[in-house]
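The sequence lines fix the lettering, A, B, ..., with proteins before strands; numbering per chain opens at 1.
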2 protein chains.
Amino acid sequence: MSGRAGTSKRLADVPRSAAQTRVVTAALGLFARHGVNGTSLQMIADELGVTKAAIYHQFPTKDEIVIAAVEVELVKVEAALDAADAEPDPHRALDLVLTQVIDSAVAQRGMVGVVQHDPVIVRHLARHRPFRDLMQRLSAVLTRGDAGVDARVRAAMVSAAIGGAVVHPLVADVDDDTLRTEVRRLAGDLLDRD
Amino acid sequence: MSGRAGTSKRLADVPRSAAQTRVVTAALGLFARHGVNGTSLQMIADELGVTKAAIYHQFPTKDEIVIAAVEVELVKVEAALDAADAEPDPHRALDLVLTQVIDSAVAQRGMVGVVQHDPVIVRHLARHRPFRDLMQRLSAVLTRGDAGVDARVRAAMVSAAIGGAVVHPLVADVDDDTLRTEVRRLAGDLLDRD
DNA sequence: GTCTATATGAAGATAGAC
DNA sequence: GTCTATCTTCATATAGAC
């Protein structure tokens, strides 16, 4: 996938080295289990079998690791939003985004949840321009441009439901395929029903 | 599973002093904003205008504060579950619980979310018997005893949606009353629709 | 119930060798 | 790219006076 437009507001313009990717992958898993504040550089280092200093050689601060980790998840959402923008039918556009977000959430149970709920990440989401813009695009698709209270509450609920449901103990034993299908169907119901 | 005998599995059997209540209230607010790991005893102390040592005089460890804080929120849920147990009509029983949980979530936007999503609290929820039992009772009401996948996914989504939606930026400007009504209606839809 | 003072450890982060 | 060693700051937690 390429065709990058000239906008400066996009994610992931920075290529990562193999070592950086390893750090981010390890961090993402630990963030999902322990939260950002509950994950120390020592834990990331231990996970990779290296020392903290080796991590600091790859990223100047812990914050940069957090941002890179969030980007890994959001790039997929961005791609889905790009596809949605190219789709004239708003109903199909919504379907593209919903399916992708749910797939991500189910595939890596916990990742989407941590992006939505971890206080540290939420702060980053609110502060960094590219993140804010992306969340706004996502909201626009979920509400289908409807700025009314009803549409916004639905969008907020669907958004929260997807991230939260996949890690809920109640569905821990449900296989990925079933979970994906069920959540997709119910999310659609919640958004569409009048 | 109605008549609850004098089991020892109930919450909040321990009376708290005024000073303890002050600590827990301050802690709860900070937990919601910064997460448990992001909240230090110093922050709690500062919030109350006292020193850390004064806090330690009230609670032996930070963990105990976390447990007490979670109890404050869950006692309300427990009361609603008790009322639901006394209600023969399962549809009305569900309504009682749903309304109470949503009221709590909206009244203290963030509290319910932190209980559901903070990794530290989730760990406590999974470990402590009274908490586990309570969550199980809540799940039973939300699924109305249906152990099928569909019912469990719905329950998980509703549960996550309530906690997550009320803190979503999309609905930050919606007043409490409207939010309560909208969320209650959509939660009911999600659970009932076939 | 609150304080001052302190112990102990782990956190994020840096310098410089290999 | 990784290491050892070190710095600073802040965390949880304790002892004992008022």
**Q.** Pair A:Q116-A:S159, side-chain hydrogen bond (donor to acceptor under 3.5 Å, both in side chains): steps then yes or no
**A.** CA-CA 9 Å; A:Q116 281 186 337; A:S159 173; 2.7 Å; yes
Applying the 4.5 Å side-chain criterion to the ILVMFWY set and letting contacts propagate, would [X] and [Y] be lumped into a single cluster?
X	Y	value
B:V122	A:V171	no
B:V115	B:V120	yes
B:M135	B:L81	yes

Q) Of all of residues 26-51 of chain B, which get a heavy atom below 4.0 angstrom from DNA chain C, listed by number? A)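 By residue number: B:G49, B:V50, B:T51.
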Q. What are the residues of residues 54-69 of chain A, sorted by number, that bring a heavy atom to within less than 4.0 Å of DNA chain C?
A.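 Hits under 4.0 Å, by residue number: A:Y56, A:P60, A:T61, A:K62.
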Q: Applying ring pair (Phe, Tyr, Trp, His ring centres under 6.0 Å), name anything that partners A:F131, two or more places apart in sequence or on another chain.
A: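 Only A:H128 meet the ring pair (Phe, Tyr, Trp, His ring centres under 6.0 Å) criterion with A:F131.
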Q | Check against side-chain hydrogen bond (donor to acceptor under 3.5 Å, both in side chains), A:S104 and A:Q100 | A | CA-CA 6 Å; A:S104 291; A:Q100 173 58 52; 2.9 Å; yes
Q. Taking only residues two or more places apart in sequence or in another chain, which ones pass side chain to side chain donor-acceptor pair (under 3.5 Å) with A:E182?
A.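 Applying side chain to side chain donor-acceptor pair (under 3.5 Å) to A:E182 gives A:R185.
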Q | Exercise: identify the closest heavy-atom pair between B:R132 and B:L125 | A |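 Between these two residues, the closest heavy atoms are CG-O, 3.2 Å.
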Q: Return the minimal non-hydrogen interatomic distance between B:A165 and A:M157, and the atom names on each side.
A: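 So the two residues come closest at CB-CG, 3.4 Å.
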Q. Going 5' to 3' along DNA chain D, which nucleotides are the first and last within contact of chain A (any atom under 4.0 Å from a heavy atom)?
A.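 Both ends considered, the range comes out as D:dG1 to D:dT4.
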Q.
If you assign B:R22 and A:A53 each to the DNA chain C nucleotide with the nearest heavy atom, which residue ends up on the more 5' nucleotide?
A.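 By nearest-heavy-atom nucleotide position, the 5'-most residue is B:R22.
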Q | Residue pairs passing the side chain to side chain donor-acceptor pair (under 3.5 Å) test where at least one lies in residues 22-42 of chain B, sequence neighbours excluded | A |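 The answer is B:Q42-B:D46.
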